[in-house]
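Just the heavy atoms: all of them, side chains too, but no hydrogens, waters or symmetry mates, feed the values below. Each chain gets a letter, A, B and so on, in the order the sequences are listed, and its residues count up from 1.
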Amino acid sequence: MKHIVLQACAALCLAATATAFAAKQELVIGIGTQNTTTNTVTGGVVLKELHLIEKYLPHTGKYKDITFKLDWQNFTSGPPITNGMMAKKLHIGMMGDYPLLVNGATGQAQQGNETQLVAVIAYNAFGSGNGIVVHKDSPYYQLSDLKGKTVSVPFGSAAHGMVLQALQARGLSPDTFFNLVSQSPEVGTTNLQEKKIDAHADFVPFADLLPYRGFARKIFDGVETKVPTFHGVVVRKDFATEYPEVVVAYIKALIEADAWVRANPVQAATKVEEWTKIEKEVAYLYLGPGGIHTLDPSIKPRWLDTIKTGHEVLSKMNRVKGLDINAWVNETYVRQAFKELKLDYDAQKQTLANYDVSGTDPLCRMPIARPKEAGEVWIEGAGITAYASPACTLAAVNKAQAENKKVRVAYLVDRALGIKLFADKAFYALDTRDPKKPQIVPFLLKKDAEAHAATIGGRLATYTDALAAAAGL
Amino acid sequence: MSTAPRRLFEEVSPAHPPDPGPPAIALVRLEDTLRQPAAPTPPAAATVRPRFAERAADALREHGPCVFMGACSLFGVLLFWHLATTYRWDFYIRFNNIPTPLDVLDKVMQVNANGKFITNVGMSLRRIFLGFAVATVAGVAMGLAIGRYRITRGLLFPALEAMRPIPAIAWVPISIMLWPDNEVSIVFITFIGAFFPILLNTVSGVQAVDGVLLRAGQCLGAKESQLMWHVVLPGAAPQIFTGLAVGMGVAWVSLIAAEMISGQFGIGYFTWEAYSLISYPEIVLGMITIGLLGLACSGLIRFAGRALMPWLSFAARSGAAR
């Protein structure tokens with residue numbers, strides 16, 4: 001009896017494996033994501049959670065007998081993804097500009113391990129997203145205040161590149177101006193919180209996340225370097241050559257994820273918080289309308305200039321091998337994806353347009369004509385409402401507080417740097433000579449607010465002062 | 001130890017031929033036996049030189065095979081590494097992208113062009129020794145207390161046992177917050193690595209001390225402190241030294257986690273930074289340096305152990321012969 005059962009089992013197992021082998025071949029696609037790096041989510045966690053790649057994966061022709069298995073692996077920075085790609089464990093990876101160029105150079109240095117840049121996920125054309133933060137109680141307000149101090153940055157990251165470029169542009173040497181040390185985001189954050197370092201430079205979203213969490217202040221934004229920053233997608237060349245349709249499917253899914261975020265940014269930010277634990281207020285700051293980062297898969301020539309500049313910076317420090325950019329960048333897949341979705345790739349490549357804050361201001365009762373002066377208020381339970389000016393935005397905050405509603409966050413746009421920021425972390429130039437028509441101009445940096453206050457004959461103010469000034473509205 | 005009483009009787013009998021005087025058992029005063037080893041005449045000056053040569057030859061005979069075998073073992077690893085990476089072996093384990101020994105040698109030349117690498121090594125050695133020194137003092141002291149007294153064992157041991165399995169890297173954020181200075185945070189993590197092996201081995205060494213010896217000491221009127229110093233500590237010493245050797249190893253193991261905090265200097269940091277810039281030869285160089293430094297440190301501890309516990313070298317020698 002026992003025998004028969006055993007035999008039956010064995011036969012069953014054999015049959016099962018035999019049919020599995022005969023019918024379907026499994027293709028494992030390793031995808032290295034950075035869930036906590038908020039501007040890569042549409043290339044990573046959004047695709048994973050909404051099962052968008054599965055929607056576009058090919059099932060005909062040579063893929064008839066192939067089942068796909070997506071192997072998602074999450075990391076907090078780019079280098080481990082490059083490592084996984086070199087080890088053939090990951091086929092698709094996403095990272096910021098500096099890790100990307102190290103990825104490309106490392107791949108080209110080892111024959112058979114070449115990688116290719118096939119798409120961009122998100123960018124800021126002037127370098128915002130990376131930034132330097134200090135402890136909120138510290139007396140530093142701009143880069144020059146950090147002379148002789150200890151500043152940490154994850155070496156090899158986009159933020160590292162930003163620091164080097166900022167110093168280079170000012171004719172300063174990273175060896176003598178301050179003491180630059182390498183700390184991962186995790187370690188740097190703890191050190192900053194404990195005031196054990198003077199400043200920490202980091203990439204998306206830490207330069208805004210740490211101020212949002214309440215213990216840090218951003219004193220330098222990458223936008224001051226005017227050098228674009230972006231996150232992109234690299235694939236192993238051997239994988240892409242063998243399965244080009246898979247790469248195209250991935251990019252099509254990426255385009256759909258971008259559309260999903262733009263269609264309902266509040267819901268997207270809420271979901272991103274649920275999936276990645278990065279607060280939705282911060283996710284919205286990056287990916288919402290007029291946000292710090294623009295979702296756009298096209299590979300623009302300006303981004304490649306960033307790579308070139310970055311490569312020169314790292315070469316000078318003898319930290320990177322040679323990189324043949326022309327061999328590394330491959331637009332064919334993203335072009336094909338656009339074509340299959342009936343989109344115009346060349347038009348997309350030309351434009352730097354982001355989607356903007358729009359609509360009608362319900363408080364000041366006027367259309368929002370200048371998105372760069374608009375503001376948004378996020379009321380607990382009521383969602384986000386847009387307002388036409390900083391004064392109207394702050395008046396709306398006052399009104400909500402008077403009605404005992406909880407204001408989650410308010411956003412304004414820095415007049416000098418053009419980046420979206422948290423209203424309660426900003427500095428203001430105030431002119432309240434006419435209380436019915438106060439001039440309230442927000443800035444990230446104290447020095448910019450001071451300068452503007454001087455030109456309009458007003459004064460430098462904090463968020464509380466600005467709220468008070470808007471009370472007369 | 002067990003041979004001592006027997007020798008006592010053997011040596012006694014010719015010195016005290018049986019006579020009708022006092023009974024034979026009463027007889028041997030401790031001083032007599034202790035004086036016994038001094039009895040042979042001290043070596044004459046003339047005989048020192050040949051004895052030195054003899055000793056050198058002895059040492060060679062004794063340690064030669066050991067050194068030879070050690071060299072073989074290290075060379076074997078090197079050879080395997082060279083073959084595997086040069087011919088890019090690929091049989092489930094893949095050596096395709098592992099840097100070759102020559103790549104790493106190139107890196108050695110490169111990094112030694114300036115003094116930075118040596119500074120890194122020096123910083124790490126300092127951190128390891130500080131952490132290890134504190135761990136030795138704390139581990140041995142607590143180990144003695146835990147091993148000897150039930151109350152300390154009951155109160156301390158469970159908490160320490162719960163902390164023991166926590167990996168060094170998990171301590172990183174807490175360590176940053178605990179200590180005001182980062183250098184201390186780093187030393188703390190190497191301390192954590194070294195502390196537990198030392199503690200555990202000390203405890204087990206103390207518990208293994210022969211009860212007969214303790215009772216003998218008590219009978220001879222030794223106070224608790226004397227008992228600790230003269231009986232328990234030497235009795236547990238072999239195990240303590242095992243703990244020190246293991247602890248030293250684990251301290252090096254935790255070095256990368258520790259130096260992630262530093263952000264600059266240190267061989268662990270060097271290795272970590274090489275990872276963030278994806279420079280494989282540097283990573284391997286860092287690994288090898290840590291390995292060799294660890295080997296040297298453990299050697300130092302064994303040497304110290306032999307110097308402090310001469311009674312053990314006899315056993316070790318007879319073991320080596322086998």
By a 4.5 Å heavy-atom criterion (distance strictly below it), what part of A:A87 contacts chain B: side chain, backbone, both, or neither?
-> both
Could you look at A:K195 and say if it's the side chain, the backbone, both or neither that has a heavy atom under 4.5 Å from chain B?
-> neither
Is it the case that more than 12 heavy atoms not belonging to B:F91 sit under 6.0 Å from its CZ atom?
-> yes
Can you tell me how far the OG atom of B:S279 sits from the CG atom of A:N318, to the nearest 0.5 Å?
-> 9.5 Å
Using non-hydrogen atoms and a 4.5 Å limit, figure out which bit of B:N96 sits close to chain A: side chain, backbone, both or neither.
-> side chain
CH2 of B:W179: more than 12 outside heavy atoms within 6.0 angstrom?
-> no
Side chain / backbone / both / neither for A:N113 at chain B, heavy atoms under 4.5 Å = side chain
Are any of the side-chain heavy atoms of A:S182 and B:Y269 separated by less than 4.5 Å?
-> yes
For A:E26, does the CD atom sit with more than 12 other heavy atoms under 6.0 Å from it, leaving out its own atoms?
-> yes
Look only at the side chain of A:K196 and the backbone of B:M177, and say whether a donor-acceptor pair between them is shorter than 3.5 Å.
-> no
Salt bridge between B:E273 and A:R319, side-chain N to carboxylate O under 4.0 Å?
-> yes
Using a cut-off of 6.0 Å, state whether more than 12 heavy atoms not belonging to B:R126 lie near its atom CZ.
-> no
Chain B contact via A:P80 - which portion, at a heavy-atom distance below 4.5 Å = both
Output yes when a side-chain donor or acceptor of A:Q183 lies under 3.5 Å from a complementary backbone atom of B:M260, and no otherwise.
-> no
Is it true that a side-chain atom of B:N97 and a backbone atom of A:M86 form a donor plus acceptor pair closer than 3.5 Å?
-> yes
Reported OG-to-CD1 distance for the pair A:S184 and B:I261, which is rounded to 0.5 angstrom | 10.0 Å
Leading residue by heavy atom contact count with chain B [cutoff under 4.5 Å; candidates A:N179, A:N83, A:V187, A:T106] | A:N83
Max heavy-atom pair count under 4.5 Å with chain B, selected residue of A:T190, A:I197, A:T82, A:L314 = A:T190
Taking everything shown except A:K136 itself, do over 12 heavy atoms lie less than 6.0 Å from its NZ?
-> yes
